[in-house]
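Throughout, residue positions are numbered sequentially from 1 according to the sequence presented.
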Amino acid sequence: MSDTSKIATLDVSAPLLTASASVSRPLLFWPPRERERDESTIVDRLPVYSKTLFDAKATKQLSFERIAQELGRGEVAVAALFYGQAQASAEDITRLSALLGVERAELEKSMGGFPDRGRAGPMPPVEPLIYRLYEIVQNYGYAFKAVMNEKFGDGIMSAIAFSSKVEKEVDQDGVAWVNITLRGKWLPFTRF
């Protein structure tokens, strides 16, 4: 059997690389779906109000872009509200209630608290698109850091004083490309 035929019949569910014989958990190039059996689903991690918002969004056939226009926010920020990763203002709640046809009191009661960020999924991520974003930071994180340090000095980009947008670009060949803009306030480290 040639090497090519071995690759073609390789069991992709098997671990591709392990750190050592003493480590029982494999290091994987791609997070296989079987790992999700031991994890709760995304639905289990979302706030109770998320289902209400997503159901109303689907019923009204609204995009995040349309909801963002109504709220006066970016569509990524609106999606973050739906996933419980951002705090809703009183004005957000009022506008969501009117647009989605959900009782304001119901939304105010459930969305009025502080978000519990960072719990939307396992680490490393198992959802392929989210894994690719994680992979981008793994591969280019130090390069981003080096360029930022050269331009701004020692510090960090805020993920709180932060905005983001996603845009679709279609090139001359008709191929779709995604453009993700991450805009964070630069916070310089100060010396003690």
Requested in this report: Decide side chain to side chain contact (heavy atoms under 4.5 Å, CB included) for Leu100 and Thr52; before the verdict, give the C-alpha distance in whole Å, the side-chain angles of both, and the deciding distance to 0.1 Å.
Outcome: CA-CA 9 Å; Leu100 298 176; Thr52 301; over 6 Å; no
Requested in this report: Hey, could you give me the CZ/NZ distance between Arg104 and Lys109, rounded to the nearest 0.5 Å?
Outcome: 14.5 Å
**Report entry** Distance, nearest 0.5 Å, that separates CE of Met148 from CG of Asp154
**Finding:** 13.0 Å
Query - Ser97 to Val102 - nearest heavy-atom pair and separation - result: OG-O, 2.5 Å
Query raised in the report: Quick one: side chain to side chain donor-acceptor pair (under 3.5 Å) partners of Ser89, sequence neighbours excluded?
Result: Asp92
Report task. Compare all side-chain heavy atoms of Met123 with those of Tyr134 and state whether any distance is below 4.5 angstrom. Result -> yes
Query raised in the report: How would you list, by chain and number, every residue that makes a side chain to side chain donor-acceptor pair (under 3.5 Å) with Glu65, sequence neighbours excluded?
Result: none
**Report entry** Within-4.5 Å side-chain heavy-atom neighbours: Pro115 and Gln85
**Finding:** no
Query - Contact summary for Gly101 and Lys60, nearest pair of heavy atoms - result: N-CE, 4.3 Å
Report task. Would you please name every residue forming a ring pair (Phe, Tyr, Trp, His ring centres under 6.0 Å) with Tyr49, sequence neighbours left out? Result -> none
Query raised in the report: Is any side-chain heavy atom of Met111 less than 4.5 Å from a side-chain heavy atom of Leu96?
Result: yes
Query - Under 4.5 Å side-chain linkage, directly or through intermediates, the cluster mates of Tyr142 - result: none
Query - Set of residues satisfying side chain to side chain donor-acceptor pair (under 3.5 Å) with respect to Lys51, sequence neighbours excluded - result: Asp55
Query - Set of side chain to side chain contact (heavy atoms under 4.5 Å, CB included) partners for Ala86, sequence neighbours left out - result: Ala80, Leu81
Report task. Might you point out which heavy atoms bring Gly84 and Pro47 nearest each other, and give the distance in Å? Result -> CA-CG, 3.6 Å
Requested in this report: Could I get the full list of ring pair (Phe, Tyr, Trp, His ring centres under 6.0 Å) partners for Phe162, not counting sequence neighbours?
Outcome: none
**Report entry** Ser163: side chain to side chain donor-acceptor pair (under 3.5 Å) partners, not counting sequence neighbours
**Finding:** none
Query - ring pair (Phe, Tyr, Trp, His ring centres under 6.0 Å) involving Phe54 - partner list, sequence neighbours excluded - result: Phe82, Tyr83
Requested in this report: Quick one: pull up CD1 in Ile160 and CZ in Arg117 and give me the separation to the nearest 0.5 Å.
Outcome: 7.0 Å
Query raised in the report: Where is the tightest heavy-atom contact between Lys57 and Ile67, given as atom of each residue plus distance?
Result: CG-CD1, 4.0 Å
Requested in this report: Taking the side chain as every heavy atom from C-beta outward, state whether Pro122 and Arg45 have any pair of such atoms under 4.5 Å apart.
Outcome: yes
Report task. Sequence neighbours left out, what passes side chain to side chain contact (heavy atoms under 4.5 Å, CB included) with Ala68? Give chain and number order. Result -> Glu75, Val78
Query raised in the report: Counting only N and O atoms by type, is there a donor-acceptor contact under 3.5 Å from the side chain of Ser110 to the main-chain atoms of Glu106?
Result: yes
Under 3.5 Å, sequence neighbours excluded: what are the donor-acceptor pairs made by side chains of residues 174-188?
| residue | atom | partner | partner atom | Å |
| --- | --- | --- | --- | --- |
| Trp177 | NE1 | Asp171 | OD2 | 2.9 |
| Asn179 | ND2 | Glu169 | OE1 | 3.0 |

Report task. May I ask you to test the Phe64-Arg73 pair for a side-chain heavy-atom distance under 4.5 Å? Result -> no
Query raised in the report: To the nearest 0.5 Å, how far apart are CG in Asn149 and CZ in Phe189?
Result: 9.0 Å
Requested in this report: Please round to the nearest 0.5 Å and tell me the distance separating atom CG of Leu62 and atom CG of Leu53.
Outcome: 11.5 Å
**Report entry** ILVMFWY cluster, Val147 and Tyr140 together (side-chain gap under 4.5 Å)
**Finding:** no
Query raised in the report: Can you name the salt bridge (Lys or Arg N to Asp or Glu O under 4.0 Å) partners of Glu91, sequence neighbours left out?
Result: Arg95
Query raised in the report: Can you name the nearest heavy-atom pair linking Ala88 to Ile93, along with the distance?
Result: CB-CG1, 4.0 Å
